[in-house]
Amino acid sequence: RNILGWYDRAYDKVYVVVDNHLTIQQFNSTIVHEVLAHYGIKKLLGRCYPQFLSSVYETVMSIEDKDIYHRLYSNRITAAEEYCADVFDAGPSDNMFLRKICLLIIRFLDSIGLHTSMSVEQLYESWSFGIV
């Protein structure tokens with residue numbers, strides 16, 4: 001009854017339960033979490049997505065974060081994916097973890113030949129434009 005939304009990996013779809021949201025801010029947060037952080041990054045990075053999540057796990061997540069997310073999720077890839085979604089949900093203001101994740105995304109885009117001169121802020125704003 002308290003589920004706000006989820007990303008269904010099997011069908012590659014996002015579901016949002018509108019009636020369970022108390023505010024528009026909560027709804028926006030669910031959209032950012034599910035659509036941008038789960039679905040969007042996966043689509044953007046394609047087959048590099050698991051490697052990206054492994055890099056997040058190894059280079060961005062602290063020991064404490066790894067411990068917390070491992071207790072909640074079954075494996076390191078899922079733990080890293082949920083960690084990314086939570087970091088994106090927190091937004092860009094002085095968020096060093098978001099900066100690190102965005103820099104990893106930019107590096108992965110470069111590695112697959114999609115060279116970009118976007119800054120971390122521009123990358124985040126391009127995803128969240130009109131949503132948050």
Side-chain angles (χ1 to χ4, degrees):
R1 292 193 320 186
N2 296 325
I3 294 174
L4 302 176
W6 69 95
Y7 171 63
D8 185 334
R9 286 176 186 86
Y11 293 99
D12 201 27
K13 294 193 182 292
V14 171
Y15 298 92
V16 177
V17 183
V18 176
D19 290 345
N20 287 353
H21 291 82
L22 302 176
T23 65
I24 192 68
Q25 290 82 8
Q26 188 181 41
F27 177 77
N28 288 344
S29 179
T30 299
I31 295 294
V32 169
H33 183 100
E34 302 301 341
V35 176
L36 298 180
H38 285 298
Y39 180 82
I41 295 173
K42 181 181 176 195
K43 289 297 182 187
L44 180 67
L45 297 178
R47 60 186 164 86
C48 294
Y49 187 61
Q51 184 183 357
F52 163 76
L53 291 174
S54 183
S55 292
V56 167
Y57 187 87
E58 294 300 328
T59 65
V60 179
M61 293 176 73
S62 69
I63 292 170
E64 294 81 16
D65 289 330
K66 290 175 186 176
D67 184 50
I68 291 166
Y69 282 84
H70 263 293
R71 277 191 249 142
L72 296 171
Y73 303 101
S74 58
N75 61 57
R76 35 187 290 162
I77 295 298
T78 304
E81 184 178 41
E82 290 298 333
Y83 173 83
C84 285
D86 289 344
V87 167
F88 268 79
D89 191 24
S93 60
D94 298 324
N95 188 334
M96 77 169 181
F97 300 109
L98 179 61
R99 290 189 70 74
K100 288 181 179 182
I101 290 169
C102 285
L103 286 170
L104 278 175
I105 290 170
I106 290 168
R107 281 192 210 133
F108 272 90
L109 291 174
D110 285 344
S111 76
I112 61 174
L114 297 174
H115 304 290
T116 179
S117 60
M118 290 175 74
S119 68
V120 168
E121 291 77 15
Q122 289 170 321
L123 179 62
Y124 185 82
E125 287 173 17
S126 70
W127 282 327
S128 59
F129 180 72
I131 295 176
V132 290

Note to self: Are Y11 and V16 linked, directly or through intermediate hydrophobic residues, by side-chain heavy-atom contacts shorter than 4.5 Å (ILVMFWY only)?
What the structure shows: no
Next item on the list: State plainly whether one hydrophobic cluster holds both V87 and L72, where clusters connect Ile, Leu, Val, Met, Phe, Trp and Tyr through side-chain heavy atoms under 4.5 angstrom apart.
Entry: yes
Margin query: In the structure I gave you, are the side-chain heavy atoms of Q51 and L45 within less than 4.5 Å of one another anywhere?
Written below: no
Check: Would you say V56 and M61 make side-chain contact, with heavy atoms under 4.5 Å?
Finding: yes
Next item on the list: Answer with yes or no whether the side chains of E81 and Y49 bring together a donor and an acceptor at under 3.5 Å.
Entry: yes
Holding to side-chain hydrogen bond (donor to acceptor under 3.5 Å, both in side chains), I want the full list of residues that pass it with [X], two or more places apart in sequence or in another chain.
{"X": "D19", "value": "none"}
{"X": "Y39", "value": "none"}
{"X": "T59", "value": "none"}
{"X": "D67", "value": "R71"}

Margin query: Centroid separation under 6.0 Å, is that true for the rings of H70 and Y57?
Written below: yes
Next item on the list: Output every pair passing salt bridge (charged side-chain N to carboxylate O under 4.0 Å, His left out) with a member in residues 52-64, not counting sequence neighbours, ordered by first then second residue.
Entry: E58-R76
Return the minimal non-hydrogen interatomic distance between [X] and [Y], and the atom names on each side.
{"X": "A80", "Y": "L53", "result": "CB-O, 3.4 Å"}
{"X": "H21", "Y": "L4", "result": "CE1-O, 3.2 Å"}
{"X": "D12", "Y": "K42", "result": "OD1-NZ, 3.8 Å"}
{"X": "L22", "Y": "Q26", "result": "N-OE1, 2.5 Å"}

Check: Can you list the residues that meet the ring pair (Phe, Tyr, Trp, His ring centres under 6.0 Å) rule with Y7, with sequence neighbours excluded?
Finding: none
Next item on the list: Would you indicate whether I24, at its atom CD1, is surrounded by more than 12 heavy atoms from other residues, nucleotides or ligands within a distance under 6.0 Å?
Entry: yes
Notebook entry, point to check: CD1/I3 to CG/N20 distance, rounded to the nearest 0.5 angstrom?
Noted result: 8.0 Å
Next item on the list: Mind checking the OG-OH spacing from S62 to Y69? Nearest 0.5 Å is all I need.
Entry: 9.5 Å
Item checked: Whether W6 and Y15 hold their rings parallel, tilted or perpendicular, with breakpoints at 30° and 60° -> parallel
